[in-house]
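Notes for the one structure printed next.
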Amino acid sequence: MTGTTPEITKLQLAGALILVARTVRARAAQATGDPNGTVHVDRRVCLQVAADMPTTARFDRNAWVKAWQAARKDGSLPARKAVYRLLCQTLADELDFDGDSWEGEHTQAEIYRIASRIRSVDTKVCIDDMLGPLDAKVDPHNLWNGFVSPRFTLDAARALADQTQRLAEECGADGVDTVHVIDAGGKDRDGKPLAFVLRVSWTYLEDEGAQQAILIIEPDDEGRYAIGGWEWCWSYSHWNCACGRYSDWHERCWCGLTRDHQPTTPLEVATWTAAAALRRLAPSATSALIDIHEGRAHIVAVYAGDTEIDTADDGDVFDTETLGAADTYLQNAIEQAAPADLAAAPGWMHTPDETSAHLWRITLPTL
């Protein structure tokens, strides 16, 4: 067991905060009868979560000591201590309490909000081809019927306002909600713009009046505006990878490529996609031997370093479908390439032997 502190990912921290929130909810239900009530929260809640105990309303010291001792035996104690420290620090920082003696009156909704912010990703969102794409922060776990709930900067809210107003002009305002930014042009004492957003649901104006048809959206503590969350059909925008597939804006493609790291030639694309297919079943694969005869590509062997881990015949690791898919990726690229292109392609090396004069060794790329 080392003395280094394990790194806790954003998702791990967010998950631990959600467990804290569930304990707070249980305590509120027990103490006040209202699961959304405000109750006293202290470090014991963090200890329960760090000790990997069930989220209960009552803190049982004996059960906690037993769980902590078990963590020492199974070697997970450093990780659990790290979770405990980071939980206390995060709650103290976010809720303005001293980290050394954190305690306070809070609702589980506040802690859920913190967890949601930690999980949020920077992405682009759209509604079909009508609105967007717009920069936003999104909690991937905060879904409504599969749709996301974005939070926009003031500039993105202005862009959205322009789009909704153009859409209303084209389609008729009676069936379109419009967004309007009210900006005083100044800033508050914290340096944030003095601005808010109006969302007007023109459909309801005639029957329900202006008070029901207009929603005022104020900026949150990060200066962002939650527009259309849990009401509008917001989805992630997509980007098209060189391998031919598309991914959500903030994610890597299945082949391992990102928006900023794209191959430029058909051979480079084929090498990437073939590598991704092979590594699904053999993550340690580093190279492959290919027989190219009369323009047909066929993977003969796959290697991890200098060790052969499979061939097309024995099937110990790879299935026919995976090898066939990788062959197809390579075949499509070879059909578009000249012999000189193969020799010049990064990671491709002509390696004929006594069995065939058409063998090529390709190095499988990694990011």
Side-chain angles (χ1 to χ4, degrees), residues 9-11 119-140 148 150 152-153 155-156 159 163 234-290 292 295-299 302-305 318 321-351 360-367:
T9 66
K10 289 173 59 177
L11 286 179
R119 292 185 304 199
S120 293
V121 296
D122 292 306
T123 187
K124 285 184 182 290
V125 295
C126 62
I127 298 180
D128 297 326
D129 58 353
M130 297 186 299
L131 298 176
L134 296 163
D135 291 324
K137 276 190 177 292
V138 173
D139 176 0
V148 299
F152 300 101
T153 63
D155 286 342
Q163 292 179 3
W234 287 113
S235 300
Y236 295 119
S237 298
H238 296 134
W239 64 278
N240 294 318
C241 183
C243 74
R245 291 168 174 80
Y246 67 85
S247 301
D248 292 340
W249 189 260
H250 57 284
E251 293 184 340
R252 288 178 181 268
C253 180
W254 74 277
C255 70
L257 292 172
T258 65
R259 297 192 315 274
D260 300 326
H261 190 145
Q262 291 285 293
T264 57
T265 68
L267 281 174
E268 290 176 331
V269 172
T271 305
W272 272 104
T273 49
L278 296 174
R279 287 194 176 118
R280 285 180 174 178
L281 298 181
S284 62
T286 58
S287 64
L289 191 64
I290 304 170
I292 303 175
R296 304 297 298 177
H298 174 63
I299 296 176
V302 181
Y303 298 88
F318 295 111
E321 181 179 357
T322 300
L323 290 169
D327 284 348
T328 300
Y329 299 142
L330 296 167
Q331 175 64 38
N332 291 338
I334 290 169
E335 288 176 351
Q336 304 176 53
D341 296 332
L342 293 181
W348 286 65
M349 180 178 296
H350 190 204
T351 56
W360 289 77
R361 182 79 171 255
I362 61 170
T363 301
L364 303 180
T366 57
L367 283 176

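Basis for what follows: all heavy atoms, side chains included, without hydrogens, waters or symmetry-related copies. Positions are given from 1, in the same order as the sequence printed here.
Remark: side-chain polar atoms of Arg119 are not paired, donor with acceptor, to backbone N or O of Pro140 under 3.5 angstrom. With hydrogens and angles disregarded, a donor-acceptor distance shorter than 3.5 Å links the side chain of Gln262 to the backbone of Ala242. Although no hydrogens or angles enter the test, the distance criterion places no donor-acceptor pair under 3.5 Å between the side chain of Asp135 and the main chain of Asp122.
Atom CG of Leu131 and atom OG of Ser235 lie 11.5 Å apart (nearest 0.5 Å). The CG atom of Asp260 sits 8.5 Å away from atom CH2 of Trp239, with the distance rounded to the nearest 0.5 Å. Rounding to the nearest 0.5 Å gives a distance of 3.5 Å between CD1 of Ile292 and CD1 of Ile334. A distance of 10.0 Å separates SG of Cys241 from NE2 of His261, quoted to the nearest 0.5 Å. Atom CD in Gln331 sits 10.5 Å away from atom CD in Gln336 (nearest 0.5 Å). From Tyr236, atom OH reaches atom OG of Ser247 across 13.0 Å, with rounding to the nearest 0.5 Å.
In plain terms, the two heavy atoms of Pro150 and Trp234 that are nearest each other are CD-CD1, 3.4 Å. Considering every non-hydrogen atom in both Val269 and Pro263, the closest pair reads CG2-CG, 3.7 Å. Shortest non-hydrogen contact noted between Ala297 and Ile290 is CB-CG2, 4.2 Å. The minimum heavy-atom distance linking Arg361 with Ser287 is given by the pair NE-OG, 3.0 Å. Summarising the geometry of Glu268 relative to Pro346, their closest heavy-atom pair is OE2-CG, 3.8 Å, with the distance given to 0.1 Å. Ala136 and Val125 make their closest contact through CB-CG2, 4.1 Å (heavy atoms, listed as atom of the first residue, atom of the second, distance).
Side-chain atoms of Ile362 and Leu330, non-hydrogen and from C-beta on, do get closer than 4.5 Å to each other. Counting heavy atoms from C-beta outward, Val302 and Leu289 have side chains that stay 4.5 Å or more apart. In this structure, Thr123 and Asp248 have side chains that are not in contact, with every pair of non-hydrogen atoms separated by 4.5 Å or more. The closest side-chain heavy-atom distance from Arg259 to Glu251 is not below 4.5 Å. In this structure, Val138 and His250 have side chains that are not in contact, with every pair of non-hydrogen atoms separated by 4.5 Å or more. Between Arg280 and Thr322, the closest side-chain pair of non-hydrogen atoms is not below 4.5 Å.
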Stepwise side-chain contact (heavy atoms from CB on, under 4.5 Å) test for Trp348 and Asp341:
CA-CA 10 Å; Trp348 286 65; Asp341 296 332; over 6 Å; no
Let me see the working for Leu278 and Leu323 under side-chain contact (heavy atoms from CB on, under 4.5 Å), right down to the final yes or no.
CA-CA 7 Å; Leu278 296 174; Leu323 290 169; 4.1 Å; yes
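With sequence neighbours excluded, the residues that form a side-chain contact (heavy atoms from CB on, under 4.5 Å) with His350 are Pro352, Trp360.
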